[in-house]
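Atoms within each ligand, like the ligands themselves, are counted from 1 in listed order. Atom set for the values below is all heavy atoms of this structure, side chains included, hydrogens, waters and symmetry mates excluded.
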Amino acid sequence: MDVPSYTPLDTPIPAGEVVIERASTAQDLGPKLNRTAADVVRFLMHQGEMVTATQSLSDDMIELFAAELGADIRLVDPGEEQELELQKLLEVGTADLFDGDDSGAPGRPPVVTVMGHVDHGKTLLLDRIRSANVVAGEAGGITQHIGAYQVERDGKRITFIDTPGHEAFTAMRARGADATDIVVLVVAADDGVMPQTIEAINHAKAAEVPIVVAVNKIDRDNADVQKTMAGVAEHGLVPEVWGGDTIFCEVSALHETGLEDLLDQVLLLAEVEDLQAPEEGRAGGVVLEAHLDIGRGPVATVLVQRGMLEAGDPVVAGAAWGRVRALLDDRGDVLHQAGPSTPVQVLGLSEVAEAGDPFVVAPNEKVAGRVASAREHWQRQSSLGRDAHALSGGARLEDIFTRISRGEAATLNLIVKADANGSLEAVTGSVRKLEADEVRIGFVHRGVGGITESDVGLAAAANATIIGFNVRPDRKARETAEAENVEIRTYEIIYKLLEDMESARAGMLAPEIEEVVTGEAEVREIFRVPRVGAVAGCYVQNGEIRRGSRVRFLRDGAVIWKGAVSSLKRFKEDVRTVSSGYECGVGLSDFQDLRSGDVIETYEEREIARTSEG
Ligand code: GDP
């Protein structure tokens, strides 16, 4: 290292606030404060920190040096500084739109997110509300799941975000996207307040979003509405009827009771909230969901939050950009324009945007392209830095604690696959929060879709653990993982995942339950049988399908349903097992949405004895 001359102590520091990127090196930091790299290195050496001029400095070190000089600095994340400049470029001439003051603007429909514990009925509630309240004139169309939809009640519209899940809600918020005006908290009356109910309450409170409580499943014999209300009240949501200010609605999603009252209460609350947004001018909003469609290219569902989005507009969403080729509503119908609170699919973007990305209409196409490519550039740079770091010295979840107990810092390399952009974002965001001094987390790869052989190959190369959220490995991936000794952990509930990660961090990973796949069948056809309901005609491809065994239904590698094989037939006969190479009929009980091409996977859970040392 060549050591430049030392700067005299009285050399003036820059006036005013200096913006410094996190993880700057002494070489970057020194000159910004009118000092040399050697000044920084020497100073830190005196503090007992041995660093080179090209090594990234911690926040503490940077602040320590600034404090020594008496300089006023602001630490920003890499890219943040450029981003501020890009924002300025985009906002040319839109001061009227982006001054954040909506007073006097027209009213807009409320945007609602449904939250609650798993299995308390969020999905069914969303489906039933939707089918019973389609926007006038739209009945009969084929609904598409685009991540959000609008319903109409007494001529007033309500927008529902159709991706229930707290972490998605929080991940959006973490990215600065406050999409939700009202949270509907679903609590099953037969189950009461559960961990994710509390989690949902906390998320909504943190976001300062008002909550309407829907006490669901009141049709159940063991429903106890009073007890459920009391349970919720314990968490600070006291019912109006008990003198509090939280609205409670008693509903049964299954029997569609109380749904109208629920919508009325939401509208009432929306009125109190006085939601407004300008309906004119360049549109802005947030990406709710995005994927690559084989026929149509990148497709993003966006929620317009202000202004009017029109076909032909030049837009930027994160690092994606383009001219809006078409706008489609949740029925797949073409729209010419979309105003505030409208969810709409946008075609014509250059790539798949990320959930939570803000989108905005640019002054012109040139600016849109420039902003997107600048963002892509620094995003790639910062992820390259991360990945390179991640690839050095990996560890598996079980190994982590041994290394920590030996006093070694450990890096846990992860490959994360999830069923949708939103959940991927959520998993990454939550896992990242667990990072601590002794455990670094490196994301080797993140993607939407089932776990494939190539993911396993990558994991083997990078010594990474694969985390699947609502997705499963296919057979090839499973076999390769076994051969290569790659760990795959799949989850369907975020808090289970976080619990495991926490335990691994604390060195107390519970005995692992290993799932052994016992059979695999492909769905060929769906039959309706009187008094039995839907039956899936399947061909058993591997292992055997056994009546009573646990089963999950997979579509494109993603879990769409879980339960048990309740009835199993060969021709008309009830049978106990059907082996590979034969056809069979699998009863679907209450799950109806199976299609040909889906996969039925049966499995068993076995506990694996854990060895104490790796
Ligand atoms: P989610 O995990 O919160 O999305 O829950 P789902 O919507 O998937 O519902 C879980 C289960 O509860 C499903 O089997 C539903 O059919 C059932 N369910 C939902 N709402 C009701 C209800 O009001 N009454 C009854 N009896 N069952 C319900």
Side-chain angles (χ1 to χ4, degrees), residues 112-133 143 145 147-149 151 160-169 180 183-201 203-204 211-225 227-229 231-232 248-263 289 418-420 422-423 426 469-471 490-497 533-534 550-555 558-567 587-594:
V112 177
T113 297
V114 175
M115 296 169 91
H117 196 73
V118 65
D119 276 348
H120 279 197
K122 299 179 291 292
T123 313
L124 193 65
L125 186 74
L126 276 161
D127 283 354
R128 293 296 161 90
I129 287 177
R130 181 181 195 181
S131 50
N133 298 277
T143 60
H145 280 276
Y149 61 80
V151 297
F160 281 92
I161 295 184
D162 196 5
T163 41
H166 315 156
E167 297 288 334
F169 173 86
T180 303
V183 162
V184 167
L185 177 70
V186 176
V187 192
D190 59 346
D191 204 19
V193 171
M194 296 301 281
Q196 287 171 287
T197 316
I198 299 167
E199 193 181 284
I201 294 173
H203 283 321
I211 299 174
V212 173
V213 181
V215 178
N216 189 31
K217 305 199 187 181
I218 54 166
D219 58 287
R220 287 254 165 109
D221 289 342
N222 53 346
D224 190 339
V225 175
K227 194 172 150 205
T228 305
M229 285 168 76
V232 176
F248 279 65
C249 298
E250 294 173 28
V251 303
S252 162
L254 192 66
H255 297 300
E256 297 183 24
T257 25
L259 301 191
E260 289 176 350
D261 179 46
L262 178 62
L263 296 184
E289 182 66 86
D419 56 338
S423 38
F469 187 73
N470 267 331
V471 294
T490 54
Y491 298 88
E492 275 137 32
I493 304 174
I494 284 237
Y495 79 80
K496 269 304 295 171
L497 185 159
R550 290 170 189 249
V551 65
R552 59 189 150 235
F553 298 165
L554 308 175
R555 182 170 300 157
V559 179
I560 53 173
W561 188 79
K562 265 190 344 175
V565 176
S566 54
S567 83
L588 296 182
S589 55
D590 56 348
F591 187 82
Q592 307 284 341
D593 183 33
L594 213 64

With heavy-atom distances below 4.0 Å as the criterion, list the atoms of ligand 1 near His117.
3 (O)
Are any of the N/O atoms in Ile218 less than 3.5 Å from those in ligand 1?
no
Is the shortest side-chain heavy-atom distance between Phe469 and Thr490 below 4.5 Å?
no
Can you find a heavy atom in the side chain of Asp224 that is under 4.5 Å from one in the side chain of Asp190?
no
Quick check on contacts: which atoms of ligand 1 are under 4.0 angstrom from a heavy atom of Val118?
2 (O)
Under 3.5 Å between some N or O of ligand 1 and some N or O of Val251?
no
Among Leu262, Leu185, Val251, Leu124, side chain to side chain contact (heavy atoms under 4.5 Å, CB included) partner for Asn216
Val251
Could you walk me through whether Val559 and Leu554 pass the side chain to side chain contact (heavy atoms under 4.5 Å, CB included) check?
CA-CA 5 Å; Val559 179; Leu554 308 175; 3.8 Å; yes
Which option wins on minimum heavy-atom distance to atom 3 (O) of ligand 1: Arg128, Lys122, Met115?
Lys122
Report the part of Thr123 in contact with ligand 1, treating N, CA, C, O as backbone and CB onward as side chain, heavy atoms under 4.0 Å; options are side chain, backbone, both, neither.
both
Side-chain heavy-atom pair Leu259, Arg128 within 4.5 angstrom cut-off:
yes
For ligand 1, which atoms have a heavy atom of Asp119 less than 4.0 angstrom away?
1 (P), 2 (O), 3 (O), 5 (O), 10 (C), 12 (O)
Is the Phe160 to Tyr149 ring centre distance short of 6.0 Å?
yes
Checking contacts here: is it the side chain or the backbone of Leu124 that comes within 4.0 Å of ligand 1, counting heavy atoms only? Could be both or neither.
both
Is it true that His120 and Asp191 share a donor-acceptor pair across their side chains at a distance under 3.5 Å?
yes
Show me which atoms of ligand 1 lie under 4.0 Å from any heavy atom of Gly121.
1 (P), 3 (O), 5 (O), 6 (P), 7 (O), 9 (O), 19 (C)
